[in-house]
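Just below is one structure, and these are the notes that go with it.
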Amino acid sequence: VVPAAGGAERARCPRDGNDLIIPAGPGLPVAAGAAWNHDMLVRDLRHWLLADGFITSEARYGSAWLSHAPIPDVLKIRKSYTRVDVQMFEVKVSRSDFQAEIRSGKWNDYIARSTRLSFATPTDGVVNDEIEIPRPCGWITRGRTGWRVRRAPEIRTIEPSYEEVLALRARVAPEGV
């Protein structure tokens, strides 16, 4: 671990050798006054989720030509021989972005194609209360010490279409975090 800009620390991930930024203040990736940006939160979430499954970000889930296919910020496919387990995560770093997502109902497209959907946010400033997260969605937050599940998503059963399976298969090539 070595010092980085803004009082944060930089460390090497033991799994893949990529640089990790260790936050300097509660819920912040750098010194007080700075905030998470979307790309930093996506990257950090992907590192946290790597334990058991295939992870990708901003991957179209389905055909771009044959149907309206959602593009989640992070998509996780858990290894399973008995059931489909497609988890989607929508990363929100500002309250206005979160509220726009809820008002537009875009999250319903993700629900229809996933076994579980969670919103991922910094600890403070985006979601005021768990009640703002629509059911059946979950909510996870990133604070100074890491990710915390604030509300688990409801688990649903889905049957992916042929085009969705092909799209996911095309994304299985190894990808860096």
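Numbers here are sequence positions counted from 1.
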* Asked: Once you round to the nearest 0.5 Å, how far does CG of D109 lie from OG of S114?
  -> 10.5 Å
* Asked: If you group Ile, Leu, Val, Met, Phe, Trp and Tyr by side-chain heavy-atom gaps below 4.5 Å, do I155 and F89 land in one group?
  -> no
* Could you grab the distance from atom CZ of R46 to atom CG of L75, nearest 0.5 Å is fine? => 10.5 Å
* Step by step, work out the side-chain contact (heavy atoms from CB on, under 4.5 Å) result for R95 and N128. => CA-CA 9 Å; R95 179 135 181 92; N128 293 330; 3.3 Å; yes
* Structure fact -> Separation between CZ (R43) and CG (N37), nearest 0.5 Å, reads 11.5 Å
* What is the minimum heavy-atom distance between W36 and L41, and which atoms define it? -> CD2-CD1, 3.5 Å
* Is it true that R156 and E154 have a side-chain N and a carboxylate O under 4.0 angstrom from each other? -> no
* Which pair of heavy atoms, one from D85 and one from R116, lies closest together, and at what distance? -> OD2-NH2, 3.0 Å
* **Option passing side-chain contact (heavy atoms from CB on, under 4.5 Å) with R151 (candidates I131, I140, I133)** => I133
* Structure fact -> Paired with W139, the side-chain contact (heavy atoms from CB on, under 4.5 Å) test is passed by just one of D129, T121, V126, namely T121
* So which of H38, Q99, E101 actually passes side chain to side chain donor-acceptor pair (under 3.5 Å) with K92? -> E101
* Asked: With sequence neighbours excluded, what pairs up with F119 under the ring-ring contact (aromatic ring centres under 6.0 Å, His included) test?
  -> F98
* Flag the pair L117 / C137 as yes when at least one side-chain heavy-atom distance between them is below 4.5 Å, and no otherwise. => yes
* Side-chain donor/acceptor of Y110 to backbone N/O of I71, under 3.5 Å -> yes
* What are the two closest heavy atoms between D44 and R142, and how far apart are they? -> OD2-NE, 2.5 Å
* **OG1 on T115 to CD1 on I158, rounded to 0.5 Å** => 5.5 Å
* Asked: Can any side-chain N or O of E90 pair as donor or acceptor with the backbone N or O of D73 at less than 3.5 Å?
  -> yes
* Trace of the side-chain contact (heavy atoms from CB on, under 4.5 Å) decision for V74 with V42 -> CA-CA 7 Å; V74 177; V42 166; 3.9 Å; yes
* To do: Rounded to the nearest 0.5 Å, what's the gap from OG on S118 to CE on M88? Could you check?
  => 12.0 Å
